[in-house]
Peer 1: 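Sharing a structure with you now.
Just so it is clear, the values below take in all heavy atoms, side chains as well, and ignore hydrogens, waters and symmetry mates.
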Amino acid sequence: MKIQDIKSNQQSKYEEIIEYLSQDNGYWLKNDKWDLTKDFFVGKVIRSYKNINFSNINNEALKNELKFYIIYSFKENLLKNSYIVCLASTLKHFSDFLNSYYLRCITFNIINGDDFKFKFKNYLMNVGFKISDKGKINATEMNNILYVIDFIQNYYDDREETEKDIWYSKNIKGLKIRATQNRKSSSLNFNEIPEYYKETVKRYFRHIIWKKSFDHCFNILVYLRYFFKFYYSLGYKDGFIESLTRTDIEKYVSFLYQDKANASTHEKHRYLSQIRIFLEYIQLAQFETAPQKEINYLVFKDDMPKIEKFADSLNRTKFIPEPILKQIDNNIMHLDRPQFIPIYILLRETGWRGTDILNLRFNNCLEQIWNNKEQTYNYYLCGEITKTGIAQLKIPIRDKVAEMVQKANDKAKELSTDENNPKKYLFNTYEGKLKGIPLSKQSLLLTIQRLIKQKNILDVNGELYHFRLHSLRHTRAKEYVEQGMGISIIQQILGHQSLQMTVHYATVTENVLYEKWKNTEDLELFKVDTKTNELEKIDLNSDAGENLIRYEYVKKNLDAVRVPFGVCFKPSKLPCKQQMNHCLTCASFCTTVENIPEYEEEIEKVKSQIEVSNRCGRELWAEKNKTYLKLLEDTLIRVKEQKIIHKNGKSREEA
């Protein structure tokens with residue numbers, strides 16, 4: 001098959017395929033039998049297979065496209081090695097099928113996918129394969145080889161990524177992607193969505209793709225595929241969503257509870273809530289394919305399984321008991337995989353999430369900042385917090401820890417090349433199928449669990465302690481609180497989006513609670529002279545006195561909690577409605593002139609974040625920070641003019 005036979009608009013893409021197969025001295029292009037034991041391939045025999053054999057495929061163009069699918073999936077870690085070998089086991093039948101039906105076809109790109117799959121199923125049935133109750137061939141690998149059609153057609157598609165039927169995360173700039181993102185969730189495949197609703201679903205995902213993590217979007221697509229598959233399996237036709245009735249939804253709810261009987265309450269809740277959110281959005285956005293009946297009359301609140309309340313989850317917050325923590329800390333140098341030691345130390349030092357530590361880059365993770373008070377440079381750890389959209393968070397670390405990070409930096413620089421560590425990860429995997437991505441969180445967890453078993457670290461019941469990585473984050477937050485650090489500072493160090501989440505962690509041990517209580521005195525209407533340390537009575541008739549009385553009344557009697565830039569006097573029984581916004585916009589917020597330095601400092605930090613976001617190409621984060629900056633500046637002006645601001649304060653005092 002000559003390349004000039006391929007249509008002109010596909011020729012350049014095919015040339016790219018040939019160029020890609022020319023890697024490794026042309027091994028993939030020249031050879032039709034690939035040796036799995038080669039160092040630049042899998043490196044070993046898998047399931048008694050030593051080779052992948054393409055030699056029986058007589059159509060040269062299709063053979064090269066199939067080769068490209070397999071080797072690209074291998075090099076980009078899209079498929080596991082065992083899965084690739086599983087596909088290789090289909091090549092005898094697949095080759096015979098292509099030779100019989102598509103000998104003169106110039107590319108997979110012009111093949112009708114449904115027609116191709118139908119013919120392949122009939123071919124397999126004729127050679128002895130059986131069909132399952134679900135209408136699929138009783139051989140997983142025979143069904144999965146057909147994904148080559150979707151892959152090649154997506155590759156030839158020159159449209160914007162979000163216009164295609166398969167979206168690869170690496171081709172969409174500005175997404176929230178974890179450094180340790182699951183390979184299975186590296187793409188969104190809309191081909192299993194019915195053609196009639198495919199554009200509706202894609203349009204919905206264009207709305208949420210920038211707001212949620214890519215992993216979250218992947219899961220939402222799973223829920224939507226499940227939803228569509230259920231109705232079409234019952235014989236519902238295109239257009240069924242527009243005419244949905246309560247009876248239709250009841251069928252889905254009933255099926256879900258039976259089909260997912262062994263699933264967790266949270267999982268069942270997501271299979272319902274995400275469908276409701278989808279239907280509600282397309283209805284509010286007035287999609288032509290939206291339900292005609294109001295969503296509140298279709299999906300009821302009672303349909304959702306009851307999930308754990310926030311207060312209950314707070315009680316379950318997992319802290320590592322102090323005796324166990326000391327044992328792990330004292331034995332951490334005995335980990336059987338030493339490369340994980342600095343990761344554990346940084347988790348203990350910072351309280352950051354595991355993905356944030358693994359996302360550190362050796363070229364910019366350590367910085368020295370001048371301290372005017374101490375007249376010296378202090379070390380700061382610098383990293384991107386993808387979950388909450390912080391482009392560059394800087395927190396102070398001890399000199400000894402900084403020295404450890406610097407050594408890790410030097411080692412990473414020495415080992416890294418553009419080929420084995422293109423993103424400059426500090427804790428990188430330098431060889432094998434995971435080359436170029438950070439070390440695994442799961443591997444770290446298993447390594448620590450082996451240490452716990454080896455050192456016989458037992459819980460209060462005398463059993464081996466059940467360790468979770470995220471418990472280190474909870475524990476570090478508690479340590480910050482017990483050391484007297486302000487809740488707003490803890491929020492900044494941990495990279496929390498809302499103060500409410502920080503409060504979720506901010507508890508203390510009973511011993512520390514007693515000490516804090518013992519040192520607390522009743523509030524009096526006096527203030528302390530910072531020069532003489534003597535109490536100074538307030539003139540209640542002055543403006544300052546009146547404001548102080550109101551302010552102190554708020555703090556003492558109205559369930560006040562210290563928050564960034566002021567005080568929150570939301571009644572403790574009411575839920576916080578500002579978890580996804582800032583306290584500055586809340587009616588339960590109080591701020592005074594004593595908070596002015598906080599505003600000025602925060603304004604400078606936000607300006608710096610905007611600059612970093614622009615430099616990193618994070619336009620969405622920059623826009624959000626600009627909105628936040630305007631809010632800060634406007635509030636600061638009001639504070640300077642009005643001295644004290646608490647919108648609902650007087651009305652509650654007078655009640």
Peer 1: Indicate the ring-plane relationship of Phe278 and Tyr204, choosing parallel, tilted or perpendicular according to the 30° and 60° boundaries.
Peer 2: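 Because their plane-to-plane angle is over 60°, the rings of Phe278 and Tyr204 count as perpendicular.
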Peer 1: Heavy atoms only: give me the nearest Pro291-Gln283 pair and the separation to one decimal.
Peer 2: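 Scanning both residues completely, I find the closest heavy atoms to be O-NE2, 3.0 Å.
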Peer 1: Give the minimum heavy-atom separation between Phe205 and Ile220, together with the two atoms involved.
Peer 2: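 Smallest interatomic distance, heavy atoms only, reads CZ-CG2, 3.8 Å.
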Peer 1: Counting only heavy atoms not in Lys260, do more than 12 sit closer than 6.0 Å to its NZ atom?
Peer 2: yes
Peer 1: Do Lys478 and Phe319 meet the cation-pi criteria used here (NZ or CZ under 6.0 Å from the six-membered ring centre, within 45° of the axis)?
Peer 2: yes
Peer 1: So if I apply the ring-ring contact (aromatic ring centres under 6.0 Å, His included) rule between Tyr236 and each of Tyr231, Phe228, Tyr252, which one comes out positive?
Peer 2: Tyr231
Peer 1: Between Arg159 and Asp165, which heavy-atom pair has the shortest distance, and what is it?
Peer 2: NH2-N, 4.4 Å
Peer 1: Check the pair Lys306, Thr265 against side-chain contact (heavy atoms from CB on, under 4.5 Å), reporting the backbone distance first and the verdict last.
Peer 2: CA-CA 7 Å; Lys306 291 185 179 180; Thr265 302; 5.9 Å; no
Peer 1: Between CZ of Arg353 and CG of Leu469, what distance do you get to the nearest 0.5 Å?
Peer 2: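 So the gap between those two atoms works out to 13.5 Å.
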Peer 1: Taking the ring of Phe190 and the ring of Tyr197, is the distance between their centroids below 6.0 Å?
Peer 2: no
Peer 1: State plainly whether the residues Lys198 and Glu192 are in salt-bridge range, i.e. N to O under 4.0 Å.
Peer 2: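 Looking at Lys198 and Glu192, the cut-off is not met.
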Peer 1: Report the distance from atom CG of Leu221 to atom CG of Asn189, rounding to the nearest 0.5 Å.
Peer 2: 7.5 Å
Peer 1: To the nearest 0.5 angstrom, please state how far the OG1 atom of Thr475 sits from the CZ atom of Arg468.
Peer 2: 10.0 Å
Peer 1: At what distance, to the nearest 0.5 angstrom, does CZ of Arg473 lie from CG of Leu494?
Peer 2: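 Output value for this atom pair is 5.0 Å.
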Peer 1: Are any side-chain N or O atoms of Asn99 and backbone N or O atoms of Ser95, one a donor and one an acceptor, separated by less than 3.5 Å?
Peer 2: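 Side chain of Asn99 to backbone of Ser95: a pair is present.
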Peer 1: Between Leu256 and Leu272, which heavy-atom pair has the shortest distance, and what is it?
Peer 2: CD2-CG, 3.5 Å
Peer 1: Heavy atoms only: give me the nearest Ala285-Arg203 pair and the separation to one decimal.
Peer 2: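 Heavy-atom minimum between the residues: O-NH2, 4.2 Å.
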Peer 1: So which of Tyr102, Tyr101, Phe129, Phe94 actually passes ring-ring contact (aromatic ring centres under 6.0 Å, His included) with Phe120?
Peer 2: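 That would be Phe94.
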Peer 1: Hey, could you give me the OH/OH distance between Tyr155 and Tyr14, rounded to the nearest 0.5 Å?
Peer 2: 11.5 Å
Peer 1: Would you verify whether the NZ or CZ of Arg246 falls within 45 degrees of the ring axis of Phe300 while also being under 6.0 Å from that six-membered ring's centre?
Peer 2: yes
Peer 1: For the residue pair Phe151 and Tyr168, categorise the inter-ring angle as parallel (less than 30°), tilted (30 to 60°) or perpendicular (more than 60°).
Peer 2: perpendicular
Peer 1: Do you know which two heavy atoms are closest between Asp114 and Asn112, and how far apart they sit?
Peer 2: N-OD1, 3.2 Å
Peer 1: Please check if atom CD in Glu160 has more than 12 non-hydrogen atoms from other residues, nucleotides or ligands closer than 6.0 Å.
Peer 2: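 No, the 6.0 Å shell around CD holds no more than 12 heavy atoms from other groups.
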